[in-house]
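Quick caveat: nothing in here was measured; it's all calculated off a predicted structure. All residue numbers in this chain count up from 1 along the given sequence. Both counts, for ligands and for their atoms, begin at 1 and track the order of listing.
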Amino acid sequence: MNIATHPWAAVFFVGFVIYIAIRGRYARPTRGLERTHRQVDSLEKALLAVVIPSGLLLPVLYLFTPLLWFADYRLPAFVPPLGAVVMVLAIWLFWRSHADLGLNWSATLEVRKDHQLVTGGVYRRIRHPMYASIFLFSATQAMLLPNWLAGFSALVPFTILYLIRVRREEQMMCNIFGDEYRAYMQRTGRLLPRWKVTKEA
Ligand code: SAH
C-alpha cells in the first residue's frame, strides 16, 4: 500500500492532516493557562506516551515508507468508502467538541483556573464527544489502511486509554463541579447521545 498509488490511503492522509490541524488550532490558545487541579499520575503519563506516538507515527511510517507493508491484508471493497464517510463525521465531531470546549480543553486530566462546565453544543447529550470522535477516527484508520499495524495503531491503544481514563475524568469532574456534574451525568450518555431528557426543575 502506497499513498501515491492507493487513493484510500491518500484520503486517510488528508483527513489525518485536517484532524491534527483542528487540534493545533484549538490547543494553541490554551497553552500557558493556569491549572488549578492536575491528576496526572505515572499510569496516565505512560498511556499518553504510547497513544500519541503509536497513533501518529505508525500511519506516517506506513504511508511514506515500505517498513510496515509486510503486515498488509485485504479489506472487502465496501469498507474503505464507508471509512471515508465515518471520517467526515469524526472530523466534524472533533471540530465541534473543540469549539464547544474552548479554553476548557486539556490533553490530560486537569482543570484550569476559571474552568467552566460545558453542557451545551455537542456536550448537550454526550459527556465525551471528543473521545467519541477519536474512536470514530481510529476506526476510520482501520477501514482505510489495510494493515495490521498501521490500521489499528490508534484504535487499540486509545481503547485502553479511554477505559482507564473515563472513570477518573468523571470522578475529577464530580470532585470539582459536584452536583452540577452529577446532574449532567444523569441526562447524558458517555459516548452515545441520551435522548430521554430528564425534565429540569
Ligand atoms: N472527555 C471530554 C473532554 C476531553 S478533553 C470529551 O471527550 O469531549 C479532557 C479535559 O476536558 C478534562 O481533563 C477536563 O478538564 C475537561 N472536560 C471534560 N468534560 C468537560 C465538560 N463537560 N466541561 C468542561 N470541561 C470538561
Side-chain angles (χ1 to χ4, degrees), residues 15 18-52 54-56 86-141 154-195 197-198 200:
I18 295 173
Y19 215 69
I20 293 170
I22 292 173
R23 169 59 49 98
R25 150 77 181 76
Y26 286 96
R28 206 170 306 118
T30 69
R31 255 187 242 152
L33 289 180
E34 197 182 321
R35 304 167 184 133
T36 52
H37 182 92
R38 200 165 143 81
Q39 210 173 292
V40 188
D41 58 11
S42 37
L43 178 61
E44 171 77 14
K45 277 189 198 148
L47 288 166
L48 283 173
V50 174
V51 169
I52 297 172
S54 151
L56 296 180
V86 176
M87 178 183 258
V88 173
L89 178 64
I91 291 174
W92 177 82
L93 194 55
F94 202 55
W95 165 53
R96 285 316 314 159
S97 49
H98 274 94
D100 289 338
L101 207 52
L103 296 178
N104 303 298
W105 174 82
S106 167
T108 182
L109 292 181
E110 56 189 22
V111 170
R112 300 180 189 280
K113 187 168 178 270
D114 302 322
H115 201 109
Q116 305 284 319
L117 177 64
V118 175
T119 60
V122 289
Y123 285 82
R124 179 143 183 250
R125 295 181 200 283
I126 315 180
R127 292 198 287 291
H128 304 290
M130 198 176 286
Y131 298 159
S133 159
I134 298 174
F135 268 120
L136 289 175
F137 194 85
S138 306
T140 288
Q141 187 167 321
L155 195 55
V156 173
F158 182 71
T159 302
I160 298 169
L161 175 79
Y162 172 82
L163 290 174
I164 292 173
R165 187 192 270 188
V166 72
R167 270 191 207 103
R168 296 168 143 207
E169 181 171 326
E170 291 183 349
Q171 190 58 54
M172 177 185 82
M173 296 303 278
C174 283
N175 292 342
I176 306 284
F177 294 99
D179 287 343
E180 203 186 344
Y181 194 77
R182 277 185 277 274
Y184 174 61
M185 286 175 81
Q186 290 297 314
R187 57 177 197 271
T188 50
R190 265 191 177 146
L191 294 175
L192 298 174
R194 177 175 290 189
W195 293 106
V197 178
T198 37
E200 280 163 53

May I ask you to decide if Arg182's main-chain N or O and Asp179's side chain share a donor-acceptor pair within less than 3.5 Å? no
Any donor-acceptor N/O pair, Asn104 side chain to Leu101 backbone, under 3.5 Å: yes
Can you tell me the protein heavy atom closest to atom 11 (O) of ligand 1 and the distance? Asn104 O, 3.8 Å
Distance from atom 22 (N) of ligand 1 to nearest protein heavy atom, with residue and atom: Val118 O, 2.9 Å
At a non-hydrogen distance cut-off of under 4.0 Å, which region of Arg112 contacts ligand 1 (side chain, backbone, both, or neither)? neither
At the 4.0 Å heavy-atom cut-off, does Ser97 count as touching ligand 1? no
Atoms of ligand 1 less than 4.0 Å from Leu109 heavy atoms? 13 (O)
Under 30°, 30 to 60°, or over 60°: which ring-plane class applies to Tyr162 and His128, parallel, tilted or perpendicular? perpendicular
Under 4.0 Å to a heavy atom of Leu117 - the qualifying atoms of ligand 1, by number: 21 (C), 22 (N), 23 (N), 24 (C)
Contact summary for Ala90 and Leu136, nearest pair of heavy atoms: CB-CB, 3.7 Å
List ligand 1 atoms under 4.0 Å from Met172, heavy atoms only on the residue side. 13 (O), 14 (C), 15 (O)
Main chain of Met185, side chain of Arg190: is a donor-acceptor contact present, judged purely on distance under 3.5 Å? no
Using modelled atom types only, decide if a donor and an acceptor are shared between the side chain of Arg23 and the backbone of His98 within a distance under 3.5 Å. no
Going by heavy atoms in the side chains, are Phe94 and Phe137 under 4.5 Å from each other? no
Looking only at protein heavy atoms, which one is nearest to atom 8 (O) of ligand 1, and how far off is it? Tyr123 OH, 2.6 Å
Do ligand 1 and Tyr181 have nitrogen or oxygen atoms that lie under 3.5 Å from each other? no
Polar contacts were defined as any N/O atom of the residue lying under 3.5 Å from an N/O atom of the ligand; does this apply to Leu101 and ligand 1? no
Could you tell me if the side chain of Met172 sits less than 4.5 Å from the side chain of Val111, heavy atoms only? yes
Residue, atom and distance of the protein heavy atom nearest atom 25 (N) of ligand 1 read His115 NE2, 2.9 Å
Of Glu110, Gln39, Arg38, which has the heavy atom at the shortest distance from atom 15 (O) of ligand 1? Glu110
Considering all heavy atoms of both residues, which atom of Pro157 and which atom of Ser54 are nearest to each other, and what is their separation? CG-OG, 3.5 Å
Can you tell me which residue and heavy atom of the protein come closest to atom 1 (N) of ligand 1, and the distance to 0.1 Å? Glu169 OE2, 2.6 Å
Donor-acceptor pair, distance only, cut-off 3.5 Å: does the side chain of Thr119 make one with the backbone of Arg124? no
Residue and atom name of the nearest protein heavy atom (relative to atom 13 (O) of ligand 1), distance in Å to one decimal: Thr108 O, 2.9 Å
Tell me, yes or no, whether the heavy-atom count around Ile176 atom CD1, taken from other residues, nucleotides or ligands under 6.0 Å, exceeds 12. yes
Is Gln116 close enough to touch ligand 1? Criterion: a residue heavy atom under 4.0 Å from a ligand atom. yes
Which residue and atom name correspond to the protein heavy atom nearest atom 17 (N) of ligand 1, and how close is it? Met173 CE, 3.8 Å
Taking atom 5 (S) of ligand 1 as the reference point, the nearest protein heavy atom with its distance: Ser106 O, 3.3 Å
